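Working notes, structure below.
Just so we're clear, the structure is a prediction, and the values are computed from it rather than from any experiment. One-based numbering along the sequence shown.
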Amino acid sequence: GTACAVDRGILAAHLLKQGEPAAARLALGPLGGPNGVKQWCILRLRILLAMDLHDAAAKLAESILDRYPAESTVLRLMKRT
């Protein structure tokens, strides 16, 4: 349910902050896929970039920007790569 998704997102964000992007990706599970909720997509994007998975990050960023063209967080994150 919704609480589970929020719990997964909070855990994933915490793990990413702790420098554990692979564990964060596992914790996030299916959340943040190409057509997912924006906040989880951006978290997944941060995780992919932290894991140096730049091709996957670029594809996800493109899908986010297709839906939210002016999403400044995504634009900023992708400029760093």
Side-chain angles (χ1 to χ4, degrees):
T2 303
C4 183
V6 171
D7 291 344
R8 283 179 166 274
I10 291 170
L11 177 59
H14 174 74
L15 290 167
L16 181 60
K17 216 176 258 190
Q18 296 299 312
E20 299 289 341
R25 188 177 183 193
L26 283 174
L28 196 58
L31 295 177
N35 295 310
V37 175
K38 182 170 67 168
Q39 72 185 42
W40 304 135
C41 291
I42 291 173
L43 178 56
R44 180 172 296 279
L45 179 61
R46 290 179 190 276
I47 291 168
L48 293 173
L49 290 171
M51 295 177 70
D52 291 326
L53 298 173
H54 297 287
D55 288 344
K59 287 178 186 172
L60 181 57
E62 184 178 330
S63 76
I64 298 168
L65 292 172
D66 281 346
R67 291 183 293 147
Y68 308 99
E71 176 49 58
S72 61
T73 302
V74 173
L75 295 171
R76 187 175 64 250
L77 287 169
M78 294 312 292
K79 278 187 179 176
R80 294 183 191 163
T81 61

Nearest heavy-atom pair of [X] and [Y]: which atoms, and what distance?
X   : Y   : result
P21 : L16 : CB-CD1, 4.0 Å
T73 : R46 : CG2-NH2, 3.4 Å
A5  : L31 : O-CD1, 3.3 Å
L43 : A12 : CD2-CB, 3.9 Å
G33 : C41 : O-SG, 3.1 Å
P69 : L75 : O-CD1, 4.3 Å

Set of side chain to side chain donor-acceptor pair (under 3.5 Å) partners for K38, sequence neighbours left out: E71

Kindly compute the distance separating CG (L15) from CD1 (I10), expressed to the nearest 0.5 Å. 12.0 Å

Residues that, via side-chain heavy atoms closer than 4.5 angstrom, fall in one hydrophobic cluster with L26: none

Has R44 got a side-chain atom pairing as donor or acceptor with P34's backbone, closer than 3.5 angstrom? no

Verify, without hydrogens or angle tests, whether R67 (side chain) and G36 (backbone) share a donor-acceptor contact under 3.5 angstrom. yes

ILVMFWY network linking L48 to L11, side-chain heavy atoms under 4.5 angstrom: no

Within the structure provided, determine whether V74 and I42 are in side-chain contact (heavy-atom separation under 4.5 Å). yes

Indicate yes or no: at least one non-hydrogen side-chain atom of I47 is less than 4.5 angstrom from one of L53. no

Please check if atom CG in D55 has more than 12 non-hydrogen atoms from other residues, nucleotides or ligands closer than 6.0 Å. no

According to the side-chain hydrogen bond (donor to acceptor under 3.5 Å, both in side chains) rule, which pairs have a member within residues 16-28, sequence neighbours left out? none

